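Shown next, in structure tokens, is the structure this report addresses.
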Amino acid sequence: MSHFFPYLVSFVTGHFLLNLLLPKKNPLSPGLRFFLAAGLGLSVNVGLLFLALIVMGQVDRAWMIGLNVGAAGLAAALYLRKPKEKSRSRPPEFDRWETAGILVILACLGPLMIYAQLFHPYGGWDAWQVWNFKAKFLFLGGENWQNLFNPVLWRSSPHYPLFLPLVNVWAWISVGEPAALSTFLIAIVFTFLTTGLLFTALKNLTGHWSAIVPPLTILSSPFFGILATSQYCDIVIGYYLLAAGVSLLLFEKTKLNSFAFLAGLFLGTLTFTKPEGAIAAFLMAFWFLFYKILTPSPSKKLTIVRFLTGLFINALPFVLFTWLFAPINSTFINGWTSASHPADMTRLKTIFVFFWAEISNFKYAGLWLTVVTGFLVSLRYGLRGASGILPLFTVSYLVVLILYYHINTHFEILSWMQNTLNRLLFAILPLLLFWIFASMWRKLKDA
Amino acid sequence: MREDCLSDEGSTNGIKLRCAVKVGVYVALKHHYSKIFSMKNPLRLVLISAFLIITTFNIIRLTGNILSLNKIRKVRPYAFYGRLFEGITPLLKGTQYVGYMTDKDLSQNAHAMHFAQAQYALAPVIMDLNNANHPYVIFDYENPVEAVRKIKELGLVPYKQNAGLILVKNP
């Protein structure tokens with residue numbers, strides 16, 4: 001089967017589910033629908049693969065393909081049985097500017113793919129030590145797949161959730177072997193989905209041509225290109241974080257509870273990506289619930305119930321993983337209580353100095369300095385309603401990261417931050433750009 | 001300009017058409033640029049300019065990086081160390097663990113990377129570092145004489161040699 005088969009199945013699943021969830025009268029353009037549907041479908045397929053893995057005890061190609069194709073068929077059947085809505089208004093049709101923007105993004109992926117193939121065709125270090133490595137255990141390990149939790153493999157962070165390894169398995173199932181091309185394509189697909197979602201969501205919310213600028217800026221950045229194609233989980237976190245943020249702003253704009261449910265689904269998926277993803281999902285959910293509880297609204301309870309339902313459905317793989325399989329994190333020492341590895345003030349100072357050194361690094365060509373400035377400026381415009389959740393989330397997420405860097409003294413702080421901070425920042429960059437541009441330009445359309 | 005065109009009542013159809021086009025373009029541009037360069041919020045202009053400058057700079061850098069890397073790869077192709085282990089992989093089918101003996105210092109970045117790539121190539125077989133008690137053991141030594149000496153010392157039986165690696169059996 002082709003390399004593209006799993007993406008087709010996932011897109012079909014996501015497309016019908018999205019149409020099933022949303023009323024006919026919704027403001028999503030075809031492009032935005034495409035980018036949300038693809039990620040939604042992948043999250044559903046990975047969730048099903050994980051449940052099948054638990055039930056069957058090993059990866060079974062035929063069963064798993066059947067399961068996911070069946071899920072796509074079921075979603076299509078449910079959609080076709082959905083009662084027809086009597087609505088005069090038609091959903092937005094193809095916009096030639098949106099199509100042109102998506103084509104520009106696709107064209108930008110060409111040089112990025114060449115660069116990545118020249119730089120690291122097998123991805124970065126963690127690709128072969130963590131993500132693709134675990135996928136090989138799942139795919140080739142048969143009923144011994146749980147050997148990936150063996151303490152001997154502590155370098156591979158056995159406590160990390162399995163979303164990306166299962167996406168790899170989903171791709172490998174289709175081609176029948178653990179092909180390096182499949183994992184490379186997954187990185188490219190998520191880069192396309194993230195930048196495409198960023199563009200279409202901004203275009204949808206602001207209606208302004210400037211929506212194409214943030215995706216172009218990050219796609220043209222050599223450093224972003226390296227991180228995006230390194231076959232790490234950070235681009236996946238970037239996508240689902242952005243998808244959740246977009247859904248929340250669409251909820252604010254339309255007051256449709258379906259978007260709260262969708263945001264819950266994306267945040268649920270985020271929990272199964274990486275511990276940072278779980279922290280991010282928890283924080284964003286917290287701020288959304290906080291906002292909803294404080295805001296007077298007649299359908300407040302229904303919104304909260306829908307949001308939490310979505311969250312719990314897609315967080316189920318994470319709950320099962322943590323409950324049944326996840327070993328204890330062996331790379332953690334509580335520096336606040338440890339006498340041998342204490343967390344002192346020097347460590348805290350180093351963290352702040354390194355943060356500054358990172359965002360002002362030449363490799364970003366001033367991007368982070370511009371983003372920080374844009375963030376501060378946008379606070380004037382983007383704190384109204386649900387969009388205020390996004391800056392609150394960003395600040396609280398960074399505070400939690402700083403605290404974690406401080407408390408966990410297992411690693412020497414400088415080398416640890418050198419290896420990880422750029423990835424953490426990379427994962428929140430699309431969401432930050434989305435919020436800054438949406439806040440600065442949204443008034444144009446509202447006016 | 002718009003007023004001039006509109007007051008041009010006695011003109012021919014051609015001139016009227018040209019005027020209409022001019023007015024259309026003027027109105028469209030005025031409408032469009034008033035959106036972009038809205039003086040109500042000059043920060044938009046500053047922000048978009050900053051992003052466009054960064055993008056231009058990025059494009060130049062990315063192009064330069066691709067060209068220089070392409071030159072390097074022609075002389076020195078990308079090497080994935082794990083590929084050396086591919087000859088051994090079929091022999092370990094059905095095995096869950098393999099011992100891995102080495103004289104390399106794994107605290108060094110390059111050696112640690114090679115170890116990770118080797119482990120990836122052999123997965124789902126787990127490489128047990130410095131443990132020769134498994135049925136199969138891989139010797140990955142920089143000094144082959146030292147490897148042979150160690151194999152003899154441990155009483156192991158050489159089974160296959162592949163690209164500087166020695167797979168031995170534990171009798």
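All chains are named by letter (A, B, ...) in the order of the sequence lines, taking the proteins before the strands, and each is independently numbered beginning at 1. Predicted model only: the values in this text are computed from it and were never measured.
The shortest side-chain heavy-atom distance between Pro124(B) and Asn144(A) does not fall under the 4.5 Å cut-off. For the pair Leu153(A) and Gln119(B), the minimum side-chain heavy-atom distance is below 4.5 Å. Residues Leu47(B) and Ile436(A) form a side-chain contact, since some pair of their non-hydrogen atoms from C-beta on lies under 4.5 Å apart. Annotation: side chain of Phe224(A) is not in contact with side chain of Leu62(B) (no heavy-atom distance under 4.5 Å).
Put simply, of Pro214(A), Ser156(A), Pro111(A), the one with the most heavy-atom pairs under 4.5 Å next to chain B is Pro111(A). Ranked by non-hydrogen atom pairs under 4.5 Å with chain B, the options Phe139(A), Phe137(A), Phe119(A) are led by Phe137(A). Taking chain B as the reference chain and counting heavy-atom pairs below 4.5 Å, the highest number among Gly366(A), Ser210(A), Gly141(A), Ser221(A) is found for Ser221(A). Of the listed residues (Asn109(B), Thr56(B), Asp128(B)), the greatest number of heavy-atom pairs within a distance under 4.5 Å of chain A belongs to Asn109(B). Here Leu140(A) is the residue among Ile218(A), Leu140(A), Leu138(A), Thr373(A) with the most heavy-atom pairs under 4.5 Å with chain B. Annotation: maximal heavy-atom pairing with chain B below 4.5 Å, among Lys134(A), Lys363(A), Gln117(A), occurs at Lys363(A).
The shortest non-hydrogen separation linking Ala112(B) to Trp125(A) is C-CZ2, 3.6 Å. Heavy-atom minimum distance, Met127(B) versus Val152(A): O-CG1, 4.0 Å. Here the closest non-hydrogen pair linking Ala365(A) and Asn58(B) is CB-OD1, 3.8 Å. Closest approach of Ala123(B) and Lys136(A) over heavy atoms only: O-CE, 3.4 Å. Scanning all heavy atoms of the two residues, the minimum distance from Ile66(B) to Leu118(A) falls at O-CD1, 3.8 Å.
Heavy atoms of Ile114(A) lying under 4.5 Å from chain B belong exclusively to its side chain. With a 4.5 angstrom heavy-atom cutoff, Asn131(B) does not touch chain A via any of its atoms. For chain A, the nearby part of Ala121(B) is the backbone; its heavy atoms alone come within less than 4.5 Å. Ile72(B) does not touch chain A: none of its heavy atoms, backbone or side chain, sits under 4.5 Å away. With a 4.5 angstrom heavy-atom cutoff, Ile212(A) does not touch chain B via any of its atoms. Looking at Arg73(B), only its side chain comes within 4.5 Å of chain A, counting heavy atoms on both sides. Both the backbone and the side chain of Asn147(A) come within contact range of chain B, each with at least one heavy atom under 4.5 Å from a heavy atom of that chain.
Around the CD atom of Glu143(A), the shell of radius 6.0 Å holds no more than 12 heavy atoms that belong to other residues, nucleotides or ligands. In the displayed structure, Lys71(B) atom NZ is contacted under 6.0 Å by at most 12 heavy atoms of other residues, nucleotides or ligands.
At distances below 3.5 Å, at least one donor-acceptor pair connects side-chain atoms of Arg44(B) with backbone N or O atoms of Met440(A).
Atom OG1 of residue Thr55(B) and atom CG of residue Leu367(A) lie 8.5 Å apart, to the nearest 0.5 angstrom. Here the SG atom belonging to Cys108(A) is positioned 7.0 Å from the CD1 atom belonging to Ile59(B), to the nearest 0.5 angstrom. The distance from the CZ atom of Phe133(A) to the CD atom of Gln117(B) is 13.0 Å, given to the nearest 0.5 Å.
Each ring-ring contact (aromatic ring centres under 6.0 Å, His included) pair with one or both residues in residues 51-76 of chain B, not counting sequence neighbours, appears once here: Phe362(A)-Phe57(B), Phe437(A)-Phe51(B).
Of all residues in residues 80-94 of chain B, those placing a non-hydrogen atom less than 4.5 angstrom from a non-hydrogen atom of chain A are Phe80(B), Arg83(B).
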Original post:
How far apart are the C-alpha atoms of Phe115(B) and Arg155(A), what are their side-chain angles, what is the distance that settles it, and do they pass the side chain to side chain contact (heavy atoms under 4.5 Å, CB included) test?
Top reply: CA-CA 11 Å; Phe115(B) 178 76; Arg155(A) 290 179 186 83; 3.7 Å; yes
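Using a 3.5 Å distance cut-off with no hydrogens or angles, the side chains of Asn65(B) and Tyr115(A) do pair a donor with an acceptor.
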